[in-house]
Novice: 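Before we start, here is the structure in question, set down as structure tokens.
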Amino acid sequence: MAETSFHLRRAGPADAAALAEFAARIFSDTFAADNRPEDMAAHLADRFGVRQQTDELIHPEIITLVVEEDGRLIAYTQVRRIPPPDCVTGEAPVELGRFYVDRPWQGRGLAQRLMAAAQDAARELGGRTFWLCVWERNPRAIAFYEKCGFRDMGAKEYWLGADLQSDRVMAGDLARLGTGDTTADGRGR
Ligand SMILES: CC(C)(COP(=O)(O)OP(=O)(O)OC[C@H]1O[C@@H](n2cnc3c(N)ncnc32)[C@H](O)[C@@H]1OP(=O)(O)O)[C@@H](O)C(=O)NCCC(=O)NCCS
């Protein structure tokens, strides 16, 4: 990946409108084909909008990182200090709450860069255990998280509109996790 082609930075409240639009679009790109339109519409309205993203961006226990190319968002992640489900037993848990790379950038190493930055953010929030929830029907994300060293800890319910779904809960020790970079010079797994 060309070193100068993107810019990774921490987001603030001024990013709320752009982030709301991008986050809703990429959530839809990722999940619309496998869900009912009415469930998607309800979920998008509930989670994404200038008000919702402003609340997240000013929250002291949430760090949002965005990646831009030519001023346009191409990826983002949110790291949150929130109580984990019971199956996460490690010390000082911090959640990888959202992790999204736009389609043209998938499989090109950007996810690895974003994961490294997310882990730094988790450490900044005092984390020693990094955990996440991922839809059980999202094999590419599960494969990516496994490459990073996350391990399956159990299941958690997730409502998408009126549809009750099952997420896998994954977790790893922040001191041992990799970034999914399996090349020789990467942080490896
Ligand atoms: C999940 C995501 C961040 C991973 O980033 P990525 O750049 O795609 O990751 P990589 O290509 O390095 O790794 C994905 C792994 O999934 C596997 N994979 C690739 N394509 C796949 C596919 N179509 N189906 C299932 N697994 C697949 C491979 O094992 C691959 O690793 P490898 O190529 O090194 O063997 C990215 O795909 C994404 O943003 N997806 C949409 C949003 C999303 O699902 N976010 C997670 C929410 S919890």
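Everything numeric here is computed off the predicted structure, so don't read it as measured data. Indexing begins at 1, ligand by ligand and atom by atom, following the structure's order.
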Novice: Starting from atom 39 (O) of ligand 1, find the nearest protein heavy-atom neighbour and note its residue, name and distance.
Specialist: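 Of the protein heavy atoms, V101 N, 2.8 Å lies nearest.
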
Novice: Using a 3.5 Å cut-off on N or O atoms only, is W105 in polar contact with ligand 1?
Specialist: no

Novice: What protein heavy atom lies closest to atom 5 (O) of ligand 1? Include the residue and the distance to one decimal.
Specialist: A111 CB, 3.2 Å

Novice: Counting heavy atoms only, which part of L114 comes closer than 4.0 Å to ligand 1: side chain, backbone, both or neither?
Specialist: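 Looking at L114 and ligand 1, no heavy atom falls under 4.0 Å.
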
Novice: Are a donor atom and an acceptor atom from the side chains of Q78 and T64 found within less than 3.5 Å of each other?
Specialist: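 Side chains of Q78 and T64: pair found under 3.5 Å.
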
Novice: Please state whether Y145 comes within less than 4.0 angstrom of ligand 1, counting heavy atoms only.
Specialist: yes

Novice: Could you label the plane-to-plane angle of the F31 and W135 rings as parallel, tilted or perpendicular, counting under 30° as parallel and over 60° as perpendicular?
Specialist: perpendicular

Novice: For atom 42 (C) of ligand 1, what is the closest protein heavy atom, and at what distance to 0.1 Å?
Specialist: Y100 CD2, 3.3 Å

Novice: What do you think, any protein heavy atom under 4.0 angstrom from atom 35 (O) of ligand 1?
Specialist: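 Within 4.0 Å: no protein heavy atom nearby.
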
Novice: Could you tell me whether atom 2 (C) of ligand 1 has at least one protein heavy atom nearer than 4.0 Å?
Specialist: no

Novice: Is a side-chain N or O of T54 found less than 3.5 angstrom from the main chain of P13, in a donor-acceptor match?
Specialist: no

Novice: Can you tell me if R168 uses its side chain to pair, donor with acceptor, with the backbone of D152 under 3.5 Å?
Specialist: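 Not a single qualifying donor-acceptor pair exists.
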
Novice: Who's closest to atom 46 (C) of ligand 1 heavy-atom-wise, of F99, F31, Y76?
Specialist: F99

Novice: In terms of residue, atom name and distance, what is the protein heavy atom nearest to atom 20 (N) of ligand 1?
Specialist: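 Here the closest protein heavy atom is R140 NH1, 3.5 Å.
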
Novice: Fit a plane to each ring of F22 and Y76, take the angle between them on a 0 to 90° scale, and name the class: parallel (under 30°), tilted (30 to 60°) or perpendicular (over 60°).
Specialist: perpendicular

Novice: Going by distance only, is there an N or O of Q112 that falls short of 3.5 Å from an N or O of ligand 1?
Specialist: yes

Novice: Side chain or backbone of T30 under 4.0 Å from ligand 1, or both, or neither, by non-hydrogen atoms?
Specialist: side chain

Novice: At under 4.0 Å between heavy atoms, which part of A141 makes contact with ligand 1: side chain, backbone, both or neither?
Specialist: both

Novice: Taking C-beta and beyond as the side chain, do R137 and Q165 meet within less than 4.5 Å on heavy atoms?
Specialist: no

Novice: Short list, please: which atoms of ligand 1 are under 4.0 Å from a heavy atom of A143?
Specialist: 15 (C), 16 (O), 17 (C), 29 (O)

Novice: Could you work out, for atom 43 (C) of ligand 1, the closest of D181, L132, N138 by heavy-atom distance?
Specialist: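 Closest candidate by heavy-atom distance is N138.
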
Novice: For ligand 1 and F144, I'd like to know whether there is a polar contact (N/O to N/O, distance under 3.5 Å).
Specialist: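 By distance alone, the answer is no.
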
Novice: Is the Y100 ring parallel, tilted or perpendicular to the F27 ring (thresholds 30°, 60°)?
Specialist: tilted

Novice: Consider salt bridge (charged side-chain N to carboxylate O under 4.0 Å, His left out). Of R80, R51, R98, R47, which one does E56 pass it with?
Specialist: R98

Novice: Of all the non-hydrogen atoms in the protein, which one sits nearest to atom 38 (C) of ligand 1, and at what distance?
Specialist: Q106 NE2, 3.5 Å

Novice: Tell me whether the count of non-hydrogen atoms from other residues, nucleotides or ligands lying under 6.0 Å of CD in E68 goes above 12.
Specialist: yes

Novice: Looking only at distances, please establish whether an N/O atom of ligand 1 is found under 3.5 Å from an N/O atom of G107.
Specialist: yes

Novice: Tell me whether Q52 contacts the main-chain N or O of A20 through its side chain, where contact means a donor paired with an acceptor under 3.5 Å.
Specialist: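 No: the side chain of Q52 does not pair with the backbone of A20.
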
Novice: Please report whether atom 7 (O) of ligand 1 has a protein non-hydrogen atom at a separation of less than 4.0 Å.
Specialist: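 Within 4.0 Å: yes, protein heavy atom nearby.
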
Novice: Got a second to check how far N35's CG is from L160's CG, nearest 0.5 Å?
Specialist: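 One finds 5.0 Å between CG of N35 and CG of L160.
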
Novice: Identify, for atom 33 (O) of ligand 1, the protein heavy atom at the shortest distance, and state residue, atom and that distance.
Specialist: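 Atom 33 (O) of ligand 1 sits closest to the protein heavy atom K147 NZ, 4.5 Å.
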
Novice: Let me confirm one number: the CG-CZ distance from D15 to R10, rounded to the nearest 0.5 Å.
Specialist: 12.5 Å

Novice: Record the part of R98 in heavy-atom contact with ligand 1 below 4.0 Å; permitted values are side chain, backbone, both and neither.
Specialist: neither

Novice: Atom NE2 in H59, atom CZ in R81: separation rounded to 0.5 Å?
Specialist: 10.0 Å

